[in-house]
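Shown next, in structure tokens, is the structure this report addresses.
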Amino acid sequence: MLFDDLQLLREVLGGLQLLAVMRDGTGKIDYCNEPFLRATGYALDEVRGKDWFELFVPADQREVRRLEESELRGISEQAILTRSGESRHIRWTLTPLRDHDGKTIGSAGVGADVTALKHDPFHDPLTGLPNRALFIDRLSHRLALEQRRPRASFAVLFLDIDRFKVINDSLGHVRGDEVLLEVGRRLQSCLRPHDTVARLGGDEFGVLLEDVPDAPTARKVADRLQDALKAPFIVHGQEIFCGASIGIAQGNATYARPEDIMRDADTALYRAKGQGRGRWVEFDSTMHDRAVELLQLETDLRRAVERRELLLHYQPVVSLSSGEIVGAEALIRWRHPDRGLVAPAEFIPLAEEMGLIVPIGAWVLGEACRQMKLWQDRLGPPNLEIGVNLSSKQFQAPGLVAEVGRVLRDTGLSPRSLRLEVTESLLMDRHPQVADAMTGLRAMGVRIDLDDFGTGYSSLSYLHQFPIDTLKIDRSFIARLGTTADGLEIVHTILALAQSLDMDVVAEGVETAEQLQLLRNLHCAYAQGYYLSRPVDSDDFEALLGERRSWAA
Ligand code: C2E
Ligand code: MG
Ligand code: MG
């Protein structure tokens with residue numbers, strides 16, 4: 001009976017994946033079991049007779065652990081190093097081994113590998129890089145050192161991936177994560193081991209550069225990081241281009257807290273993004289003023305709505321076959337009391353962030369429809385159309401379809417005269433509300449145009465699933481017409497695609513006679529751009545309509 005019990009116990013223990021180690025009184029390894037060897041990557045003869053602490057314990061913990069483990073009692077959780085230098089977390093139960101006289105001659109340890117369960121408060125689980133907390137910790141050590149012995153020899157870089165939101169929205173989070181992982185790898189490969197790269201959150205990374213004697217050195221590193229991120233990312237066989245913006249803050253002894261230098265790097269980063277991405281900007285103290293200015297802008301924007309400082313400009317959409325104006329795109333402007341006319345790029349993103357885009361968008365829609373109905377009644381052909389840009393945020397908010405219906409009723413504009421412009425990222429929005437709203441609008445007779453086509457990452461095979469009437473080719477493609485050989489080929493391909501999907505095409509941003517001619521040759525149906533007319537205020541647009549302005553070939 002006893003024998004059977006032992007046999008059973010052996011079988012049970014044999015099947016367990018617990019790690020077992022025996023050491024002698026001096027810490028020399030006497031025995032390790034198979035699971036232990038597997039977990040650490042060693043063969044038995046490589047470890048037998050070796051000092052446990054030398055081989056498996058990280059150097060900075062050796063002395064403490066030698067002391068702790070001489071007590072040989074209880075359960076403890078420890079990091080050990082594998083043959084390849086990785087660290088694994090083991091939860092050990094240590095038992096002393098004694099001779100017949102009760103004298104301790106060594107120890108036996110049984111442990112479970114809990115690395116996978118280990119929640120690490122200082123590393124980002126996705127990339128394995130230090131997280132914000134560890135970054136701040138390292139930075140505060142560095143600042144303390146600087147105050148004792150100023151050398152001005154470090155710098156903090158904040159880095160943000162350009163267009164990451166587009167990648168995430170259109171390709172999904174899984175692929176977005178893969179891009180982040182690869183970004184982390186590339187950044188690390190550009191830096192020296194004693195520099196710190198951390199993932200601060202989202203698509204933002206922080207770098208603490210050591211030994212940066214002067215500003216040009218930090219700039220050179222910023223260049224190198226940006227170059228490393230320019231090469232395409234291959235995610236599931238798809239090439240993705242992203243690039244990054246960087247803010248640089250040079251360290252010095254006047255910084256008392258990590259937050260201060262991080263704030264300055266962040267301010268510089270914000271500035272870099274504002275200057276059109278793919279750049280680095282160094283912090284200088286005048287930038288504080290800019291941050292204050294931005295806060296002021298927010299306050300002003302809130303008031304702009306009540307104070308009726310918003311207005312619409314209109315840019316004609318021209319038929320390339322008849323040369324006539326077939327419609328207008330409504331483009332918002334802000335007449336700021338001190339700054340003059342502010343362009344939408346400067347305040348629409350802010351309005352989206354502040355949640356103000358929904359009331360502003362509602363105003364644009366109402367005003368554009370009212371104006372178009374007036375023109376139709378007074379002088380235009382009754383089928384003149386108005387294009388209104390919608391932010392994705394307006395689709396996510398409830399009630400968009402009802403709102404559009406109400407505006408059409410109130411203004412008397414036919415649904416056939418209204419075109420709503422959406423961007424590719426909206427198509428990738430899995431929000432059920434989005435698809436419902438699109439279907440609802442289409443059912444009402446309103447048409448939907450895909451704006452800035454070609455700048456997102458919507459997969460072409462996707463397009464036919466959405467009720468889209470028109471592709472508006474982004475102006476970056478039109479700009480390449482006539483200057484590069486592939487420019488023509490790309491536009492040609494988009495036109496063929498649109499035809500096969502039974503969609504119309506508007507070429508955006510036509511700036512030269514040559515571009516217009518090339519588009520005509522390609523049988524593109526509609527165009528818009530400075531060469532035809534800049535966006536103009538309602539009086540000037542009315543004048544264009546009144547004089548029956550035409551751009552016939
Ligand atoms: P978008 O909808 O793609 O509008 C076209 C933009 O290109 C306009 O800039 C227009 O002025 C500009 N543009 C037109 N022709 C040319 C050209 O030949 N060359 C160049 N370089 N640019 C040209 P704008 O008015 O500054 O508007 C920028 C963006 O702001 C718009 O891009 C649209 O996405 C957004 N936006 C404008 N109004 C509204 C609005 O009422 N609501 C929302 N949500 N977004 C708006
Ligand atoms: Mg548009
Ligand atoms: Mg556009």
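Atoms within a ligand are numbered from 1 in the order they appear, just like the ligands themselves.
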Legend entry - Row check, F233 ring normal vs R186 NZ/CZ: under 6.0 Å, within 45°: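 Yes, cation above the ring, under 6.0 Å and within 45°.
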Inset, instruction - Scan residues 519-533 for pairs that pass side chain to side chain donor-acceptor pair (under 3.5 Å), counting only residues two or more places apart or in two chains. - result: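 Found Q315-Q528, E329-Q528, K472-Q528, Q517-N521.
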Inset, instruction - Not counting sequence neighbours, list each pair that qualifies as a side chain to side chain donor-acceptor pair (under 3.5 Å) and has a residue in residues 393-402. - result: Q396-D429
For [X] and [Y], does a side-chain donor sit closer than 3.5 Å to a side-chain acceptor?
X	Y	result
D124	T127	yes
T217	D214	yes
D449	T470	yes

Legend entry - Close approach, K472 and ligand 1, non-hydrogen under 4.0 angstrom: no
Legend entry - R333 near ligand 1 by a heavy-atom separation under 4.0 Å: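 Per 4.0 Å heavy-atom rule, R333 contacts ligand 1.
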Inset, instruction - Kindly identify the option in N389, I478, V422, D451 whose heavy atom sits closest to atom 42 (N) of ligand 1. - result: N389
Inset, instruction - Nearest heavy atom to atom 30 (O) of ligand 1 wins, so pick from A343, A527, A330, P344. - result: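 The nearest heavy atom belongs to P344.
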Using distance alone, determine whether [X] and ligand 1 share an N or O pair under 3.5 Å.
X	value
Q394	no
Q528	no
L390	no
E511	yes

Let me confirm one number: the [atom1]-[atom2] distance from [X] to [Y], rounded to the nearest 0.5 Å.
X	Y	atom1	atom2	result
L400	Q433	CG	CD	9.5 Å
L180	I161	CG	CD1	5.0 Å
Q376	L545	CD	CG	10.5 Å
S538	L312	OG	CG	8.5 Å

With heavy-atom distances below 4.0 Å as the criterion, list the atoms of ligand 1 near [X].
X	answer
E421	2 (O)
Q315	14 (C), 15 (N)
G529	15 (N), 18 (O)
P535	11 (O)
V510	18 (O)
S391	44 (N)

Quick one: look at [X] and ligand 1, take heavy-atom pairs under 4.0 Å, and tell me if it's side chain, backbone, both or neither.
X	value
R534	neither
D452	side chain
E329	side chain

The Mg ion (ligand 2) and [X]: any N/O/S contact shorter than 2.8 Å?
X	answer
D451	yes
E421	yes
E329	yes

Inset, instruction - Can you label the angle between the Y314 ring and the F541 ring as parallel, tilted or perpendicular, going by 30° and 60°? - result: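 Rings of Y314 and F541: tilted, 30 to 60°.
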Inset, instruction - Flag yes if more than 12 heavy atoms outside F477 fall under 6.0 Å of its CZ atom; otherwise flag no. - result: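 Yes - once you tally the heavy atoms of other residues, nucleotides and ligands closer than 6.0 Å, there are more than 12.
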